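Here is the structure we will look at, set down as structure tokens.
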Amino acid sequence: MSLRLDPRETALLVIDMQNGWCHPEGTLGQDGADLRMIRGIIPRVRQLVELCRDRGIPDIWTLQEHFPDDRTRERHRVLHHTAKRNAVACAAGTWDAEVIDELKPLLPPETHLIRKHRFSAFYNTRLEVLLRMLGVQTLIVSGVTTNACIETSLRDGYMRDYDQVIVEDCIGGLDQALHDAAVRVWEKYLGLVVRLQDLPAMLPAPTAAGPPAR
């Protein structure tokens with residue numbers, strides 16, 4: 001890879017790695033969704049977080065939270081996406097909304113947790129302000145799901161002029177064909193698509209002194 005990333009201007013975005021989307025007993029799993037792709041990325045997301053921390057890149061996690069009494073769903077004349085499943089996923093304060101156990105030990109401080117109520121990591125959240133405070137221009141993007149929260153966040157990030165490095169094998173969806181089609185769109189319009197094995201060559205070597213000062 002010819003692109004070199006500056007850790008002082010880069011952040012990792014880990015999107016919605018929660019029980020409701022990723023665990024077989026979560027809402028999507030109980031609804032019969034095919035979670036094989038999503039389950040498959042979990043160990044690679046862990047490796048990605050560890051790699052970025054080793055190179056001094058902060059990780060910012062999003063948590064999708066829905067409310068059972070969300071009145072906005074009642075106003076839709078066209079069937080709302082949450083109504084297409086047996087239950088509303090990731091209800092705030094439930095096990096469904098928690099980060100999966102495999103990644104829980106890696107959770108960052110509360111300052112780097114972004115709670116959101118819609119697909120986009122940017123929409124009505126403090127993410128953009130946090131990125132400015134951290135001096136970030138480049139986002140490394142991972143998480144779930146391909147055609148909903150990932151793609152919406154990528155589009156919003158691009159509209160805000162962030163450079164985006166999309167780690168394809170650290171992103172999971174529910175349909176391989178739709179995932180592959182989305183990746184082709186991302187490559188053409190929204191960022192640089194790489195695989196996890198490509199990323200170390202794009203980063204400086206770790207130093208004994210630890211991550212660079214911000």
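Computed from a predicted structure; not experimentally measured.
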Can a donor-acceptor pair be found, under 3.5 Å and without considering hydrogens, that links the side chain of [X] to the backbone of [Y]?
X	Y	value
Asp169	Leu196	yes
His117	Glu65	yes
Glu25	Gln30	no
Asp175	Ala177	yes
Asp96	Thr27	yes
Thr94	Ala91	yes
Asp34	Leu174	no
Arg155	Ser120	no
Gln137	Asp161	yes

- Message: Salt bridge check, Glu102 against Arg39: does any charged N sit closer than 4.0 Å to a carboxylate O?
- Response: yes

- Item | Pairing of Arg160 and Glu128 as salt bridge, 4.0 angstrom limit |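 Salt bridge present between Arg160 and Glu128.
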
- Message: Applying side chain to side chain contact (heavy atoms under 4.5 Å, CB included), can you list everything that pairs with Thr146, at least two apart in sequence or on another chain?
- Response: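 Expected list: Ile171, His179, Ala182, Trp186.
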
Atom pair [atom1]/[atom2] of [X] and [Y] - distance to nearest 0.5 Å:
X	Y	atom1	atom2	value
Ile140	Gln164	CD1	CD	11.5 Å
Leu199	Ser142	CG	OG	10.5 Å
Ile114	Gln64	CD1	CD	13.0 Å
Leu139	Ile166	CG	CD1	10.0 Å
Leu154	Asp156	CG	CG	9.5 Å
Ile60	Leu134	CD1	CG	5.5 Å

- Item | Side chains of Glu98 and Gln18, donor plus acceptor under 3.5 Å |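 Note: Glu98 and Gln18 side chains miss the donor-acceptor criterion.
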
- Task: Under the side chain to side chain donor-acceptor pair (under 3.5 Å) rule, collect the residues that match up with Thr62, sequence neighbours excluded.
- Result: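 Asp16.
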
- Check the pair Trp61 / Val49 against side-chain contact (heavy atoms from CB on, under 4.5 Å), numbers first and verdict last. CA-CA 10 Å; Trp61 299 48; Val49 173; 4.0 Å; yes

With clusters defined by side-chain heavy atoms of hydrophobic residues (ILVMFWY) lying less than 4.5 Å apart, directly or transitively, does [Y] cluster with [X]?
X	Y	answer
Met37	Leu28	no
Leu178	Val183	no
Leu12	Leu113	yes
Val129	Tyr162	no
Ile57	Leu3	yes

- Task: Could you go through the salt bridge (Lys or Arg N to Asp or Glu O under 4.0 Å) check for Arg115 and Glu110 one step at a time?
- Result: CA-CA 10 Å; Arg115 300 179 189 276; Glu110 184 69 28; 3.6 Å; yes

Does some side-chain heavy atom of [Y] sit less than 4.5 Å from a side-chain heavy atom of [X]?
X	Y	result
Glu168	Val194	no
Lys116	Tyr123	no
Phe119	Ser153	no
Val45	Val14	yes
Arg53	Pro108	yes

Looking at [X] and [Y], what are the two nearest heavy atoms and their distance?
X	Y	answer
Arg126	His112	NH2-N, 4.5 Å
Thr10	Pro58	O-CD, 3.3 Å
Met202	Leu192	CE-CD2, 3.9 Å
Gly20	Cys90	CA-SG, 3.9 Å
Cys149	Ile15	CB-CG2, 3.9 Å
Cys22	Val144	SG-CG2, 4.0 Å

- What's the verdict on side-chain contact (heavy atoms from CB on, under 4.5 Å) for Arg46 and Leu103, showing C-alpha distance, side-chain angles and the deciding distance? CA-CA 6 Å; Arg46 183 182 184 97; Leu103 299 179; 3.7 Å; yes

- Knowing that exactly one of Val136, Thr138, Leu13 qualifies, which makes a side-chain contact (heavy atoms from CB on, under 4.5 Å) with Leu131? Val136

- Stepwise side-chain contact (heavy atoms from CB on, under 4.5 Å) check, Asp198 with Val167: CA-CA 9 Å; Asp198 300 325; Val167 190; over 6 Å; no

- Task: Take Arg184 and Asp180 through the test side-chain contact (heavy atoms from CB on, under 4.5 Å) and record every step on the way to the result.
- Result: CA-CA 6 Å; Arg184 290 197 296 273; Asp180 293 343; 4.1 Å; yes

